[in-house]
Structures are given as structure tokens and as C-alpha cells.
Protein chains: 2
Amino acid sequence: MMQDLAEAVDGDGRRRGGNRRAQILDVALKLFAQKGMAQVTTRQIAQEVGISQPSLYAHFRSADEIAAELCVRAFGALAEAMGRVAGGDASPIERLRRMGRAYVDFALDQPDMYRVAFMLEDPRGCTPHGIETEEGLVDPVLAAGLQCFACMHRVVVEQVGSDDDRAMILAQSTWAHVHGLVSLLIARHEFPWADREALIEEHLGRMSF
Amino acid sequence: MMQDLAEAVDGDGRRRGGNRRAQILDVALKLFAQKGMAQVTTRQIAQEVGISQPSLYAHFRSADEIAAELCVRAFGALAEAMGRVAGGDASPIERLRRMGRAYVDFALDQPDMYRVAFMLEDPRGCTPHGIETEEGLVDPVLAAGLQCFACMHRVVVEQVGSDDDRAMILAQSTWAHVHGLVSLLIARHEFPWADREALIEEHLGRMSF
DNA sequence: GTGATAGGCTATCAATGATAGGTTGACGGG
DNA sequence: CCCGTCAACCTATCATTGATAGCCTATCAC
């Protein structure tokens, strides 16, 4: 069932090449989004993929590593979403607000992906892809997060320069500002929020240098 | 072992009255803070309390209910911390900043308590204290959260009035602003943050009406 | 062919949250 | 004083979960 992802599949349903890993991640993300992270088991993932549960461990060292890899993916997707609106002729503050809007839209459109990226208990310690985090070798999860943050930082630097720590502080504060809203909207959707669109607009409008 | 919490204990170590529940919560919070929420098991809690693991279920319907109850507690403690600095003769914005500072201090001093309150996957569905959430009966977790939020809302109302939705939107935006910083500092402590104190000061300084 | 390797399977573990059913001891009415 | 009640606890036991061990099979380089 739904094995037809336009990828090479032989008679038994076995895939060639290394895309099983990607398929597992796709399935895991789908299940996370459907049932919530805590309710998804390795057996469910394996069944949906069409393999046995222990076979997952040929591709990932642990269940947490799947989440960590999804975390890297999510950071990448978010960075890309922001990157798409980061350029242009508008003023830095205007572009920063557009990035904030892209950020909010991304998070609310794919709340579980955002959750994996930003609200996980501890995505480290489960370094994806077998990369041993040695000295000098950066944790891929952290690296992806940094790349994502750098999008915002660059625009702030355009405005205030990068001489002292001010740009860094402003960028981090801005990031926190936007993250705060979407993380609360996602984690506390039962809260009696004001009109969502008005709230978002007001919140983004309060961004400044 | 550390049974001496200045409460009535009979010869067998059995407690009289209903404070077992409170003791379990104390122990659970301590263990959460020590080892992180995901690493604490019901057996560890029970052992630390000095009872068998199934005995926990005489006081809580599930493990999640323990977390939910701690969530209520955390909201209460946070509301109290903010309430302590909410009064006085200073301007509303000044008092709002003081509340923000109290909020930040609370969250960073007790990150696991804050985590339980604001970053749990889904604290609902495990309504504490056996209260069935019927129509018209509010979920205790939500009620505690609302009480906590009301602290901020009141101060905002002092400034802008409560005629239209603006006070609500501003209060929620402000809450999100502060929450964003502490939740990121807690969840991403491996991130290369700028100087923490400078960052917090800048962030709080950017609060406004 | 033949050996290596990737990918998979069944069987099985230890640990975890949760339940079933029985036991103990305090307490109050008759 | 006795007996029912009730809260709190225990042991034994489940089903489920993440993870490991050991074996099988197809593909491919040589």
C-alpha cells in the first residue's frame, strides 16, 4: 500500500539504493503528524514502511535517531522557507518581517515538523547518520539549527552591522520572539487565543531593531 | 531514606492523611529535574517514595496524570512569582517588565518545572484529581494556565483598557515574547547563545504596548 | 563460481506502564 | 467487643515497547 513513491521497487517491494532511509523518515513524519510523536511506535513505522520492526535498526541506530534526523530535515525546510523571502529590495526590517511570516506559516502548516525541530526534549546524543560528534566535528542537528538561525542573523547584520554583539543579541531575541508565538499556538492549541491572524500580525509588527 | 519531610509517619513508614499524593509529586518533580522527564519511570518514583510501583495508581490514574498535576502546580508557582511583582506604583510597562523578569527567573531557575508546564506534548486528556472535564467544567490544567496568563493580561488592561480585543492580543503577544526566549534557552541550551544576561535584558527591554 | 555485503526476517530480551486480586490496619456503629 | 468499610498497600502478572542476536537471501564485483 502506497509504496508508489516514484522510486525503484523490485518484485518483492524491496527498494534499491539507499532510499529506504528516506522512506522511513517520510513515514515517521507522516505518523508523527497524524497521531502525535509520543503515540508513534517503531512497529507502526515499520508496518507502514512494509518491513519488520527490527529492520529499522539497519538504517537507524535508535528510535531517537529517527527523530533527530527529522529534526535536521525540519531545520533545513524552515531555512529554505525563510531563504525564499530573505532577499529583495525591501528594507531589512521589512524582509525580517517577511521571514517571520514565512516562519509562522511553516510552523503552523506543519506543526509536528516544527515540534520535532524545536520542542524535542533532547535531540542531541542521537547524532544522525552515524557521524560521531568528535572534537571539531559539529553535531548535525546543531549545525542545521545554526544554518536556520543564520538566515535571520544575516538580515539583522544588514541593518545594524556585525561589529559588536548587538546583531547577535537582536537576532536571537527576534528568533525567540517569533518562536514564542508559534510554539505556544502549537503546544497550547486549547488555549482561548485571540483571533489567530490578528494576533500574528500584531506580533510580527512588534518586531524591530 | 529521606522520608523525613516533617510529616506524620507511623511505624511502618505509612503516612496518614492524603499527603502521599503530594509526596509523590515532590519526588516526581525532583526526579524530573535530576534526570529529565523522559528518563524517569514510575518504578523510580515509587522506589524513591518508598512504595511499590502499582501503588502509584491508587493516587494517580496514569503516569501522565502525575505530569499534568505538576503542570498545574507549575502554573500556580509561576502565577505567584509574577503576582509578587505585579503591584506597586510603577507604570504598567515597568511592572510588565518586572513580571517578565520574574517569569524568566522562574523558568531558568526551575527549567523542568517550566518544561512540564509549557512544553509538554499534551497535558490534557489526563485531567488531574479525578475531575471529569464535563461541559461547563474547566480542565484544571487549562484553568491554571489561564490564571497564570491573567496576571499579564491585567497589567496590559491597565494600560490600554479592555474595550476591544487589543488588550488580549497584546497580552498574548507579550506572553509569547517572553516564553519564546526562555523556552529556547531551556530546550536549546547547546546553542551558542549570546551573553545570557545581556540577551534577557535586551529581550525584556523590547517589550512594549 | 565465490565471497562480500546490504537488507531483511524470526525469535527473543529487558524494561515500562498498567491491571487483577488479595492483605493489612484504622475507624465507627451496633 | 465485633464486624463491615475503606484506604492504602502488596505480589504477581500483562501487553507493549525499544532493542539485540542470529540466520537467510539476493545482488554484485572479481
Side-chain angles (χ1 to χ4, degrees), chain A residues 3 7-25 27-28 31-32 35-70 120-123 125-130, chain B residues 3 7-25 27-28 31-32 35-70 120-123 125-130:
Chain A
Q3 195 100 286
E7 289 170 343
V9 177
D10 69 12
D12 298 349
R14 280 209 193 159
R15 280 162 179 255
R16 321 298 311 289
N19 43 16
R20 255 282 136 87
R21 188 180 174 90
Q23 187 198 9
I24 291 169
L25 290 172
V27 166
L31 290 177
F32 284 172
K35 321 172 61 167
M37 288 196 51
Q39 312 305 321
V40 176
T41 70
T42 54
R43 281 170 176 79
Q44 290 170 349
I45 297 174
Q47 184 181 8
E48 194 83 3
V49 170
I51 61 179
S52 71
Q53 179 256 352
S55 290
L56 290 177
Y57 293 82
H59 304 274
F60 299 90
R61 276 178 304 186
S62 72
D64 285 346
E65 191 181 301
I66 296 179
E69 183 78 40
L70 284 178
L120 227 51
E121 176 101 7
D122 184 11
C126 315
T127 309
H129 212 244
Chain B
Q3 195 100 288
E7 287 171 343
V9 178
D10 70 10
D12 297 349
R14 279 210 192 159
R15 285 163 176 252
R16 320 299 313 288
N19 43 17
R20 255 286 137 85
R21 189 181 173 88
Q23 187 198 8
I24 292 170
L25 290 172
V27 166
L31 289 178
F32 283 174
K35 322 172 61 168
M37 289 195 50
Q39 312 305 321
V40 176
T41 71
T42 54
R43 282 169 175 80
Q44 290 170 348
I45 296 173
Q47 183 180 9
E48 194 84 2
V49 169
I51 61 178
S52 71
Q53 180 255 352
S55 291
L56 290 177
Y57 292 82
H59 305 274
F60 300 90
R61 277 178 303 185
S62 71
D64 285 346
E65 190 180 302
I66 297 179
E69 184 78 41
L70 284 178
L120 228 51
E121 176 101 8
D122 184 12
C126 315
T127 311
H129 212 243

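The model shown is predicted, which means the values in this text are computed figures rather than measured ones. Just so you know, these numbers use all the heavy atoms, side chains as well, and skip hydrogens, waters and symmetry mates.
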Any idea which heavy atoms bring E69(B) and L25(B) closest together, and the distance?
CG-CD1, 3.3 Å

Might you list the N or O atoms of the protein lying below 3.5 Å from N or O atoms in nucleotides 16-18 of chain C, with each pair's distance?
unit_1, atom_1, unit_2, atom_2, d
dG17(C), OP2, T42(B), N, 2.8
dG17(C), OP2, T42(B), OG1, 2.7
dG17(C), N7, R43(B), NH1, 2.9
dG17(C), O6, R43(B), NH2, 3.2
dA18(C), OP2, Y57(B), OH, 2.5
dA18(C), OP2, A63(B), N, 2.8
dA18(C), O5', Y57(B), OH, 3.3
dA18(C), N7, Q53(B), NE2, 2.9
dA18(C), N6, Q53(B), OE1, 3.1

N/O donor-acceptor pair under 3.5 Å between Q39(A) side chain and G36(A) backbone:
no

OP1, OP2 of dG8(C) versus side-chain N and O of H59(A): anything below 4.0 Å?
yes

Rounded to whole Å, please give me the gap between CE in M37(A) and C1' in dG18(D).
14 Å

Tell me the interatomic distance from R20(A), atom CZ, to dT27(D), atom P, rounded to whole angstroms.
14 Å

Taking all heavy atoms of I45(A) and all of V27(A), pick out the closest pair and write down the distance.
O-CG1, 3.8 Å

For atom CG of L56(A) and atom P of dG8(C), their distance in whole Å:
9 Å

Phosphate oxygens OP1/OP2 of dC9(D): is one of them under 4.0 Å from a side-chain N or O of S52(B)?
no

What integer distance in Å separates I51(B):CD1 from dA7(D):P?
16 Å

Would you name the heavy atoms of Y57(A) and R61(A) that are closest together and state the gap between them?
CD2-O, 3.7 Å

Taking all non-hydrogen atoms of both residues, which atom of I24(A) and which atom of I66(A) are closest, and how far apart?
CG2-CD1, 4.2 Å

When you measure from the side chain of R21(B) to the backbone N and O of H59(B), does any donor-acceptor pair fall under 3.5 Å?
yes

Specify the separation, in whole Å, of atom CZ of F60(B) and atom C1' of dC9(D).
16 Å

